[in-house]
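Here's the structure we're looking at; comments come further down.
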Amino acid sequence: MIKVMLKDGSSIDIEEGSSILDVAKKISEGLARVATCGEVDGEIKDLRYILNKDCSLTIHTFDSSLDGKKAYWHTTSHIMAQAVKRLFPDVKFAIGPSIDEGFYYDFDIERPFTDEDKEKIENEMKKIIKEDIAIERFSLPKSEALELMKDQPYKQELINELPEGEEISFYKQGDFTDLCAGPHLESTGKVKYIKLLTSSGAYWRGNEHNKMLQRIYAISYPKASQLEEYLQLLEEAKQRDHRKIGKDLELFMTHELVGSGLPMYLPNGATVRRLLERYIQDKEIEMGYSHVYTPSLANVDLYKTSGHWDHYKDDMFPVMKFDNEELVLRPMNCPHHMLIYRSKMRSYRDLPIRIGELAHDFRYESSGSVCGLERVREMCQNDAHLFVTPEQIKSEFAQVVKLILSVYEDFGFKDYTFRLSLRDKDNKEKYFDDDQMWETAESQLREILTELGLNFYEAKGEAAFYGPKLDVQIKTALGHDVTISTCQLDFLLPQRFELEYIGEDGKAHRPVVIHRAILGTFDRFMSFLIEETKGAFPTWLSPLQVKVLPISDSQVEYSKEVEKQLKAIGVRVKVDDRNEKIGYKIREAQLEKVPYMLVIGDKEIEANAVAVRSRKDGDAGQMKLEDFVCKIKQEIDTKAR
RNA sequence: GCUUCUAUAGCUCAGUAGGUAGAGCACUGCCAUGGUAAGGCAGGGGUCGCCAGUUCGAUUCUGGCUGGAAGCUCCA
C-alpha cells in the first residue's frame with residue numbers, strides 16, 4: 001500500500017501497481033470535494049491533481065474555471081431542489097443540470113410555481129446556504145440505489161438506464177439526497193449570491209409526448225458584483241433585441257389583423273431589405289447564377305412527387321380545394337426549380353446550372369415559436385439550386401462556402417459556427433429511407449468540409465429529409481441558436497423528378513442537386529443584422545444616410561442645395577427644416593442612427609462647406625461640401641463598416 | 001402545439017380595494033431664429049385587445065378568443 005498525501009493534509013491508500021486511472025478514480029471517489037472543487041482566495045475554483053513520481057499529489061487550480069462554475073451552479077441546483085422539497089414535500093425530481101450560464105431544475109409538482117412560490121424558494125435557498133450543510137458523496141449498487149429512490153420515479157428511470165454492475169453515486173446534504181455524478185462544492189455555505197430567473201414548462205426528456213414538468217432557471221455567483229454584471233448583461237441583450245430596435249427605428253411592424261408570424265416591413269426596413277436583395281443577387285450573378293421567378297402556389301401533387309408531402313405536410317398551410325384542383329402554399333422552392341431544370345434536354349456541357357430565386361415560402365410555424373423577424377410564417381428565401389455532375393460536387397460546394405465566407409466578411413460577422421447536420425438513423429419517419437444514399441452523401445460532405453479545412457461540429461438529427469447539410473449557426477440576442485446560411489447535398493430529388501443530363505458518352509446520367517441559401521431568409525438575416533449592429537447599420541445599408549440640419553430658416557435654401565448634390569450621387573438624404581433648435585434635431589437624428597448629420601449655419605454657407613457630425617464620433621468639424629460628397633461616396637461604394 | 005405570464009393614448013408606463021381613466025414622449029397651434037443629444041405656453045387624442053358571464057353597475061372579478069412575452073417541442 002502506498003500512502004498518497006494530499007495538499008490539504010489528508011491522505012488516501014493506493015495499492016501498488018494501480019494504474020493512473022485507478023488512482024484518479026479513488027481520489028475522485030474518496031475526496032471529490034477536495035479534489036475537484038475548492039476555494040482559493042475567497043473564490044470558488046476547480047482543482048486538478050497531478051500524481052507525482054514519488055506518489056505525492058500536487059493539487060492546483062484549474063484556470064479555465066468552466067468546470068468550477070459548473071460545480072458551483074450544480075451545487076446551487078441541489079440547494080434549489082432541497083428548498084423546493086422543504087416547501088413542497090410531495091415534489092418529484094427530474095433533472096437539474098448546469099448550463100452555459102447558470103442552471104435549471106425540473107420538478108413534477110401538483111400545480112405550476114407562482115411568483116410568490118419562487119420568492120419563497122429563493123428565501124429557503126438563502127436559509128440553506130446560511131445553514132452551511134456539508135455535502136457528502138456516497139455510492140450504492142443499483143438495487144440499493146433504486147430502493148433509496150423508491151419515491152422518485154424519474155430518478156428510478158435514470159438509474160435503470162445506467163450500466164449494470166457499476167456503483168451509482170449520490171450526493172447528500174442534510175435531509176436531501178440526489179442521484180448525481182458530481183462534482184459539487186464542500187458545503188452549501190460556499191454558494192453566496194443567488195437569483196431565480198424564469199420558470200416555465202418543459203417536457204420530461206424533451207419529448208412532447210411526455211409529461212410537462214415545471215422548470216426553474218436560476219444563476220449564482222460567489223460575488224455580488226458578478227451577479228449584478230450578469231443581470232446587466234441580460235438587460236443589454238433585451239436592448240439589442242431586434243423586435244425592440246425594429247419598433248424604435250420603424251423597420252417593421254405586426255398587426256393582429258394580419259396575423260401571428262406575418263411582419264410588415266415599413267419604409268426603413270424595406271430599404272435595408274431591398275439593398276440586401278440587390279447585394280446578394282449581384283454577387284450571385286457574378287458567380288454564374290441565373291435567377292427565376294416561380295409562383296408561391298402549387299398543386300399538391302408537386303409535393304407528393306418531391307416527397308415533401310410525406311415528410312413536411314404538418315408544417316404546411318392546409319390545402320385549398322377548388323373544383324378539381326388542390327393547391328398549397330409552398331414551404332420551399334426545390335420542386336419548382338427541379339421542373340425548370342427538366343424543362344429541356346441538358347448536356348454535361350451545360351452543367352453546373354445554378355438557378356436562384358428570392359422566393360416566398362410559407363410554413364405553419366407553431367404559435368409558440370414565431371418571433372419577430374427571426375421565425376415567421378411567410379419568409380423570403382435567398383434560395384438557389386445547383387445542378388451538378390458528381391465530379392463537380394466538390395468544387396461547387398467549395399464555391400458556395402467561399403460565397404458564405406465572403407458575405408460574412410462583408411458584414412463583419414464573427415460569431416458563427418459551422419454545423420454538419422446529419423440524419424438520425426433511428427428516426428426513419430423523419431428522413432427519406434435509403435441507407436446507401438445517406439451514407440454516400442454524409443461521408444462525401446464530411447470529406448469536402450475536411451478538405452476545405454473548415455472548423456465544424458457534427459449534429460445528429462438536424463439534416464433535411466432528403467440529405468445532410470452544412471449549416472451556419474449563430475446565437476441571437478435571446479440566446480436562440482438559429483441557422484442563417486445553409487448548403488445541402490441532395491441525391492434524392494433528382495431521382496424523384498427523374499432529372500438527367502446527357503454525358504460525354506452520349507448516355508443519360510443523373511445530376512446531383514446542391515440546395516443553398518446564403519443570407520438564409522431575408523427576414524431572419526435582417527433580425528440578425530439588427531442585433532449585430534444594434535440598429536446602427538453601416539452607411540451603405542442605412543435607410544437614411546445623411547440628415548442635413550439647418551440651424552435656422554435662413555439656411556434652408558443652402559441645405560436644399562446640399563441635399564440635391566448628395567441625391568445626385570444616390571445618397572439617401574433628408575433636410576430637417578422644421579422650426580426646432582439644432583440640439584433637438586441632432587438628438588433626434590442620433591436616436592434614428594443616421595450615420596451623418598450635416599449642420600448648416602451661416603459659416604458653412606460662407607465657406608461652401610458643411611459641418612460634419614458622425615453618429616459614431618460626434619462633431620468632426622467643417623469640411624468642403626465636395627470633399628464630403630467624395631468621402632461618403634467612397635464609404636458607400638466600399639461598403640465600409 | 002404545450003406550461004406560465006401578459007394586453008390601459010401612436011410609444012413607454014401609472015391607476016381604479018367594481019362607480020367609464022392619468023403622466024412623460026410623440027402629434028397640432030402659438031411664441032422664441034436657436035451652433036452639436038430635449039426652449040416655453042396651450043391644445044387634440046382612449047367604448048382600458050375582442051366576446052360572453054357574474055353584478056344595480058365591469059377597464060377592474062370569472063371563462064373563452066386573439067395578439068404579445070419566457071421556456072419546452074419544432075425549425076431557415
Side-chain angles (χ1 to χ4, degrees), chain A residues 104 106 111-115 118 197-217 238 241 243-244 247-248 250 253-261 312 314-315 331-332 361 363-376 379-383 421 430 461-462 464 469 471-473 478-486 488 515 517-525 527-528 549-556 579-591 597-604 611-615 618-622:
Chain A
Y104 66 80
D106 284 347
R111 58 170 177 82
F113 295 111
T114 62
D115 284 350
K118 275 158 66 186
L197 301 169
T198 56
S199 62
S200 71
Y203 301 108
W204 166 235
R205 313 211 114 178
N207 185 331
E208 61 179 322
H209 301 297
N210 287 342
K211 183 163 187 186
M212 183 163 267
L213 310 170
Q214 295 304 316
R215 173 173 299 179
I216 300 180
Y217 285 89
K238 240 190 230 169
D241 190 322
R243 291 166 299 185
K244 179 182 161 39
K247 189 180 249 177
D248 290 348
E250 297 183 13
M253 63 173 280
T254 55
H255 199 283
E256 61 178 293
L257 286 178
V258 176
S260 174
Y312 215 81
D314 291 343
D315 295 311
M332 54 259 296
D361 292 323
R363 298 181 186 175
Y364 192 74
E365 297 293 341
S366 60
S367 60
S369 68
V370 295
C371 176
L373 294 179
E374 181 188 315
R375 274 288 278 285
V376 295
M379 70 212 79
C380 182
Q381 284 210 59
N382 158 225
D383 202 10
S421 304
K430 206 174 152 190
E462 295 288 348
K469 320 187 276 179
D471 291 321
V472 184
Q473 299 296 115
L478 289 170
H480 299 157
D481 190 36
V482 296
T483 305
I484 296 288
S485 311
T486 181
Q488 317 173 353
H515 307 239
I518 307 300
L519 304 188
T521 69
F522 289 94
D523 313 279
R524 180 172 289 176
F525 192 82
S527 76
F528 180 49
L549 312 176
I551 290 174
S552 68
D553 31 1
S554 61
Q555 296 99 18
V556 169
N579 208 352
E580 294 290 352
K581 290 207 157 162
I582 193 67
Y584 183 85
K585 292 182 185 181
I586 286 172
R587 176 183 154 81
E588 200 162 274
Q590 198 72 44
L591 291 173
M597 288 146 264
L598 302 181
V599 176
I600 309 291
D602 289 337
K603 283 185 256 172
E604 281 68 37
V612 179
R613 182 190 164 93
S614 98
R615 149 185 88 188
D619 193 349
Q622 214 182 64

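Just so you know, these numbers use all the heavy atoms, side chains as well, and skip hydrogens, waters and symmetry mates. In this text the structure is predicted, and so the values were computed from the model without any measurement. Chain naming here is simple, since letters A, B, ... match the order of the sequence lines and numbering starts at 1 in each.
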Residues that Tyr203(A) engages under side chain to side chain donor-acceptor pair (under 3.5 Å), provided they are two or more places apart
none
Could you measure between the two C1' atoms, the one in U60(B) and the one in G18(B), and give it in whole Å?
6 Å
Is any side-chain heavy atom of Val599(A) closer than 4.5 Å to a side-chain heavy atom of Ile586(A)?
yes
For Ile586(A), report the nucleic acid contact type (base, sugar-phosphate, nothing); a contact means any heavy atom under 4.0 Å.
base
Inter-nucleotide C1' distance (A21(B), U3(B)), Å rounded
34 Å
For every nucleotide of nucleotides 69-76 of chain B, 5' to 3': is a protein heavy atom under 4.0 Å from its base (B), only from its sugar-phosphate (S), or from neither (-)?
SBBBBBBB
For C25(B), does OP1 or OP2 lie under 4.0 Å from any side-chain N or O of Tyr584(A)?
no
Taking the same atom, P, in C11(B) and in C30(B), what whole-Å distance lies between them?
27 Å
Look only at the side chain of Asp106(A) and the backbone of Leu213(A), and say whether a donor-acceptor pair between them is shorter than 3.5 Å.
no
Any side-chain to backbone donor/acceptor pair from Gln555(A) onto Ser552(A)? Under 3.5 Å, distance only.
yes
At 4.0 Å (heavy atoms only), tell me whether Ala589(A) reaches a base, stays on the sugar-phosphate, or touches nothing.
nothing
Give me the atom names and distance for the closest heavy-atom approach of Ser199(A) to Ile216(A).
CB-CG1, 4.1 Å
Under 3.5 Å, N/O pairs linking protein and nucleotides 59-65 of chain B:
none

Side-chain contact test, heavy atoms from C-beta onward, threshold under 4.5 Å: evaluate it for Val612(A) versus Leu598(A) and give yes or no.
yes
Listing time: all N or O pairs from protein to nucleotides 29-33 of chain B that are below 3.5 Å?
from   : atom 1 : to        : atom 2 : distance (Å)
A32(B) : N6     : Asn579(A) : OD1    : 3.4
A32(B) : N6     : Asn579(A) : ND2    : 2.8
U33(B) : O2     : Asp553(A) : N      : 3.3
U33(B) : O2     : Asp553(A) : OD1    : 2.6
U33(B) : N3     : Asp553(A) : OD1    : 2.5
U33(B) : N3     : Asp553(A) : OD2    : 3.0
U33(B) : O4     : Asp553(A) : OD2    : 3.0
U33(B) : O4     : Asn579(A) : ND2    : 3.3

Would you check if Arg363(A) and Met332(A) make a side-chain contact, meaning some heavy-atom pair closer than 4.5 Å?
yes
Write down the atom of Arg615(A), the atom of Gln590(A), and the distance for their closest heavy-atom approach.
O-NE2, 2.7 Å
Which residues pass the ring-ring contact (aromatic ring centres under 6.0 Å, His included) test with Phe522(A), sequence neighbours left out?
none
Just checking, any donor-acceptor pair under 3.5 angstrom between side chains of Thr521(A) and Gln381(A)?
no
Which whole number of Å gives the distance between the P atom of G29(B) and that of U66(B)?
42 Å
Candidates Arg243(A), His480(A), Arg524(A) - the one meeting side chain to side chain donor-acceptor pair (under 3.5 Å) with Glu374(A)
His480(A)
For Asp248(A), check salt bridge (charged side-chain N to carboxylate O under 4.0 Å, His left out) against everything at least two apart and list the hits.
Lys244(A)
P gap between C48(B) and U55(B), integer Å
22 Å
When rounded to whole Å, the CD1 to P distance for the pair Ile582(A) and U36(B) reads 9 Å
Under the side chain to side chain donor-acceptor pair (under 3.5 Å) rule, collect the residues that match up with Asp315(A), sequence neighbours excluded.
none
Flag, side chain of Asn382(A) to backbone of Ile518(A), donor-acceptor distance under 3.5 Å:
yes
Is there side-chain contact between Asp115(A) and Lys118(A), with at least one heavy-atom pair below 4.5 Å?
yes
Each stem that RNA chain B is part of, given as range with range (3 or more consecutive Watson-Crick or G-U pairs, under 3.5 Å):
B:1-7 with B:66-72, B:10-13 with B:22-25, B:27-31 with B:39-43, B:49-53 with B:61-65
Distance between the P atoms of C61(B) and A37(B), in whole angstroms?
46 Å
Look at all strands and tell whether Glu604(A) reaches a base, only sugar-phosphate, or nothing, counting heavy atoms closer than 4.0 Å.
base
Heavy-atom nearest nucleotide on RNA chain B for Asp115(A) versus Ser260(A): which residue maps closer to 5'?
Asp115(A)
Scan Asp602(A) against the nucleic acid and name what it touches under 4.0 Å (heavy atoms): base, sugar-phosphate only, or nothing.
base
Using the C1' atom on both, measure A38(B) against G24(B) and round to a whole Å.
12 Å
Taking every heavy atom of Tyr312(A) against every heavy atom of Pro331(A), the minimum-distance pair comes out as CE2-CB, 3.7 Å
Polar pairs (N or O, both sides) under 3.5 Å between protein and nucleotides 42-52 of chain B?
none

Please list, chain by chain and in numerical order, all residues satisfying ring-ring contact (aromatic ring centres under 6.0 Å, His included) with Tyr364(A), sequence neighbours excluded.
Phe317(A)
All ring-ring contact (aromatic ring centres under 6.0 Å, His included) counterparts of Phe528(A), not counting sequence neighbours:
Phe413(A)
Between N or O atoms, less than 3.5 Å apart, protein on one side and nucleotides 6-14 of chain B on the other: list the pairs.
from   : atom 1 : to        : atom 2 : distance (Å)
U12(B) : OP1    : Lys247(A) : NZ     : 3.3

Which heavy-atom pair separates Ser527(A) from Leu373(A) by the least distance, and what is that distance?
CB-CB, 3.9 Å
